[in-house]
Amino acid sequence: MSRVAGVIVDVPSRSTDRPFSYAVPADMRAWIELGSRVGVPFAGRTLQGFVVSLADEPPAEGPAKLKPIAELLDPLPPLLPDLVELARWISVKYCCTWTAALQAMVPSAIKGKAERHLRLGEAELPDEAAAESGASRTDAGQVDVENPYMASAAFWAMPEEDGQELPDETLPQELVRELRRQGSLKLEAVRERWPEAGGAIKRALAQGVLIEETSIRDRIGVRMQLTVYPPLDREAAQAALEALPGTAKRQKELLQYVLELEGPVTLQAMLADTGANASSAKALAEKGYILIEEAEQQRDPYAGREFRRSAPLPLTDAQREVFVRIRDAVERAAPATFLLHGVTGSGKTEVYMQSIQRALELGREAIVLVPEISLTPQMVERFKGRFGDEVAVLHSRLSSGERYDEWRRIRRGGAKVAIGARSAVFAPFARLGLIVIDEEHESSYKQEETPKYHARDVAVQRARQHGAVVVLGSATPSLETYAAAARDGAGGALLRLSERAVASVLPPVTVTDMREELRSGNRSMFSRALHEALQARLERGEQSVLLLNRRGYSTFVICRSCGYTALCPHCDISLTYHQKTRAMRCHYCGHAELAPRACPSCESEQIRYFGAGTQKVEEELAKLFPGIRVIRMDVDTTTEKNAHEKWLKLFGERKADVLLGTQMVAKGLDFPYVTLVGVIAADTSLNLPDFRAGERTFQLLTQVAGRAGRHHLPGEVIIQTYNPEHDAIIASQKHDYEGFVAEEMKHRRMMGYPPFCRLILVTMSHEQLASLSATSDRFARRLIELAGQRGVLQPLHGSGARALELLGPVASPISRIKDRYRFQCMIKYRGAVPAAELVSEAIRQTEAEAPRSGVLFSVDVDPHMIL
DNA sequence: AGCACGCCGACT
DNA sequence: GTCGGCGTGCTC
């Protein structure tokens with residue numbers, strides 16, 4: 001029963017990112033816990049905050065008199081103490097505010113905003129008669145009946161001398177009436193409806209006639225619905241059923257119905273089922289046989305769907321060996337991390353499911369993370385089929401209400417397994433036993449917005465708190481994870497599944513050299529090999545998947561005559577051409593303009609739209625193979641809800657010959673009639689100016705190659721490239737992960753990149769170059785100073801165990817976005833260097849030195865895209 | 001971030 | 001002369 005709460009308020013600024021102390025009102029003491037969400041007065045308004053500490057006495061420093069917490073926002077705290085602590089850890093590791101980390105953990109539905117209300121105060125309304133006369137006076141004039149207050153503005157016609165009792169000072173009658181009727185009104189709504197009443201309202205507030213209140217309003221309400229609870233005393237109800245007179249036919253039917261209920265149903269459902277009306281139900285409720293109450297309605301996105309129950313499958317020897325290792329660790333309940341390196345089709349999912357089963361048997365819970373786009377209905381079905389209602393799905397395609405309901409189900413213990421994308425790592429379980437991260441290498445586990453956390457690293461930390469086990473699964477683990485697991489060496493954190501569980505061989509991979517094609521006169525985007533292979537599939541009625549790795553946005557606009565390229569006026573980046581709308585778009589700020597017919601610079605007609613977008617490939621296919629049925633999947637065709645599912649379903653039903661898409665076609669698809677996978681241009685991802693380009697390409701190619709010939713029909717993969725001798729291409733052709741890693745590691749060591757060091761990218765932005773330059777210099781100086789004090793400032797290629805070097809500040813590769821210039825500093829370090837803390841401290845000092853400079857800092861720890 | 005408090009130009 | 005512009009200080 002603590003009297004004082006430390007609260008992190010929802011202000012996105014580093015200077016206020018510390019707990020503020022509030023008095024806990026006596027009536028809240030039994031309810032407030034670590035992780036409670038509250039509304040607190042802060043600098044003259046009410047803000048949402050999270051309770052992060054509790055004490056009986058106010059802290060020594062701080063104000064003498066604490067303000068009380070204004071409201072408690074949820075009966076059950078949304079967060080648990082371990083999550084509050086985890087948020088703290090995230091804020092330190094990723095240089096973000098504690099509040100940003102806390103916000104990332106809760107569903108968007110409860111990111112409450114302050115809402116201001118007006119209500120009538122104790123003070124007397126000043127002379128209501130005057131107000132009445134005001135209204136009648138306007139009746140005589142040009143009255144706007146719709147808006148009575150506007151009418152009273154007839155005062156403009158009145159002589160100034162009358163001004164002592166300006167109608168402007170009387171509150172609109174309608175407003176007073178509404179306030180009496182409704183108790184309070186949203187300030188925002190009042191402002192809209194009575195725009196002229198501002199002065200009068202201000203005065204009324206000053207006099208206490210009106211009172212302004214603020215409270216936190218969630219983005220979404222809990223949907224309440226009348227719910228019928230079956231009789232508690234069934235015998236009494238049974239007796240009543242028999243005693244009811246024959247005339248009460250409906251009541252008898254209803255009673256019969258509720259006696260057969262196992263749990264509550266909605267009133268609506270009951271009435272629909274029985275054909276009775278609400279008054280019969282009410283009569284029964286009044287007699288006390290049933291209870292009708294407003295209850296929170298749970299939206300179950302998978303309601304009404306049947307899931308085929310599945311039993312654990314027998315494991316192969318290899319699977320069993322891996323499973324035993326994981327199971328033993330789960331039973332030990334000590335933190336552990338495993339890397340499960342298993343080729344596609346090696347049966348990782350079955351191992352996950354049996355491990356989860358064990359965790360559940362031990363009374364613990366499990367989280368399964370999958371990349372957003374792998375979270376397909378088939379995936380959900382597998383887990384729901386095995387674990388039934390114990391599974392909660394957290395999926396970005398759910399509405400925020402549905403997601404909130406699933407999340408609360410977890411929080412209340414109604415679900416024991418959470419399956420979802422990145423943010424599901426925060427599923428509010430209290431006794432976590434296992435966290436599975438499938439496709440561990442996927443870049444979608446790294447959040448690109450603040451807090452820029454990596455779900456894998458957060459999972460490992462969370463497992464540490466709970467004594468839980470983390471299983472990282474991948475056919476192509478990230479080099480960081482692989483190196484870490486290998487380093488663990490004797491501990492054997494590396495588990496392998498090197499054979500496909502279903503007997504089928506990995507498909508042969510052909511690499512075609514597009515330079516060669518060009519030399520022999522083939523200027524099409526399809527090599528002869530791919531063309532023939534496609535033709536053969538069409539003839540045999542088999543299907544093909546074509547991958548266009550468009551990352552890097554190659555559809556730019558260039559004038560062949562003068563070299564002009566279309567650039568975004570707000571960002572330093574070229575515009576992308578979209579065939580459908582004939583518009584050029586900026587992928588950073590959304591700016592769009594109509595594509596010109598002639599070059600705006602030299603007026604030549606030689607302006608061309610370059611690069612092969614999926615649209616262009618689609619056109620080309622139609623030209624080369626008349627009548628071909630193509631499904632195109634990219635951001636343009638999959639934005640609408642469930643579009644993704646719809647297309648895949650069509651393809652699965654063999655309603656199309658070719659599935660053409662960007663990376664999203666590479667993931668987890670499993671169609672028996674797909675016997676050809678073609679990669680149109682492997683180079684687009686290879687040539688990115690990013691040290692992970694090779695790794696990404698290898699992973700992508702390996703993954704997409706796994707899509708072919710997964711069943712009885714043999715598959716084939718064709719990769720088109722201008723770089724056939726690149727390691728990533730050669731290794732993926734040979735299905736040789738280890739070979740690729742060995743080469744890539746050499747390269748990374750030589751270049752001084754992870755996993756041989758770690759990186760922090762600090763980006764600063766401002767509208768004016770001069771302010772940006774000054775601030776970034778100051779930041780760099782502060783950081784160097786701090787690193788020097790800790791004795792870690794030394795070149796990375798030196799021999800010291802601990803080293804940190806700073807590169808920059810320099811202009812960012814995209815030197816302007818949304819009219820803001822961008823500079824960056826890259827921090828490279830090695831060994832036990834508290835680099836994130838140094839960066840945070842340097843930012844604090846820089847901001848303190850020049851407050852309100854307007855320079856925005858953005859920190860990316862372990863950045864993924866160095867673009 | 002925002003809101004308050006506080007000092008200088010265009011309107012009743 | 002006041003309303004209101006937005007510059008800085010602070011928020012339990």
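Chain letters run A, B, ... following the sequence lines, proteins first and then strands; every chain starts at 1.
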Would you kindly give the [atom1]-to-[atom2] distance between [X] and [N], to the nearest whole Å?
X	N	atom1	atom2	answer
A:Leu47	C:dT11	CG	P	14 Å
A:Phe42	C:dC12	CZ	P	6 Å
A:Glu847	C:dT8	CD	P	17 Å
A:Glu61	C:dC10	CD	P	17 Å
A:Glu115	B:dG2	CD	C1'	17 Å
A:Lys111	B:dA1	NZ	P	18 Å
A:Ile69	C:dT11	CD1	P	18 Å
A:Lys67	C:dC12	NZ	C1'	8 Å

Using distance alone, with no hydrogens and no angle criterion, decide if [X] and [Y] have a side-chain donor and acceptor under 3.5 Å apart.
X	Y	answer
A:Gln845	A:Glu849	no
A:Glu372	A:Ser444	no
A:Thr97	A:Thr99	no

- request: Please work out if A:Pro41 contacts a base, only the sugar-phosphate, or nothing of the nucleic acid, heavy-atom cut-off 4.0 Å.
  value: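 Sugar-phosphate contact only - A:Pro41 comes under 4.0 Å of backbone atoms but never of a base.
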
query: Should the pair A:Glu85-A:Arg88 be classified as a salt bridge under the 4.0 Å nitrogen-to-oxygen rule?
result: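 Salt bridge flag = no for A:Arg88 with A:Glu85.
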
message: Salt bridge check, A:Arg462 against A:Asp82: does any charged N sit closer than 4.0 Å to a carboxylate O?
response: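 A salt bridge links A:Asp82 with A:Arg462.
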
field: Residues from residues 84-98 of chain A lying under 4.0 Å of DNA chain B - heavy atoms
entry: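 Residues of residues 84-98 of chain A that come under 4.0 Å of DNA chain B do not exist, since none gets that close.
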
For DNA chain B, the residues among residues 8-24 of chain A that have a non-hydrogen atom under 4.0 Å from it: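 Correct list: A:Val11, A:Pro12.
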
query: Would you find a donor on one side and an acceptor on the other, under 3.5 Å apart, between the side chain of A:Ser840 and the backbone of A:Glu837?
result: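 Flag not set: sc A:Ser840 to bb A:Glu837 has no pair under 3.5 Å.
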
message: According to side-chain hydrogen bond (donor to acceptor under 3.5 Å, both in side chains), does anything in residues 20-41 of chain A pair up with another residue at least two apart or in another chain? List the pairs.
response: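 side-chain hydrogen bond (donor to acceptor under 3.5 Å, both in side chains) check on residues 20-41 of chain A returns A:Arg37-A:Gln48, A:Arg37-A:Asp74, A:Arg37-A:Asp218.
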
- request: Measure up the A:His454 and A:His864 rings against each other and bin them: parallel (under 30°), tilted (30 to 60°), perpendicular (over 60°).
  value: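 Rings of A:His454 and A:His864: tilted, 30 to 60°.
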
- prompt: For the residue pair A:Phe823 and A:Phe779, is the inter-centroid distance of their aromatic rings smaller than 6.0 Å?
  reply: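 Here the rings of A:Phe779 and A:Phe823 have centres that are no less than 6.0 Å from each other.
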
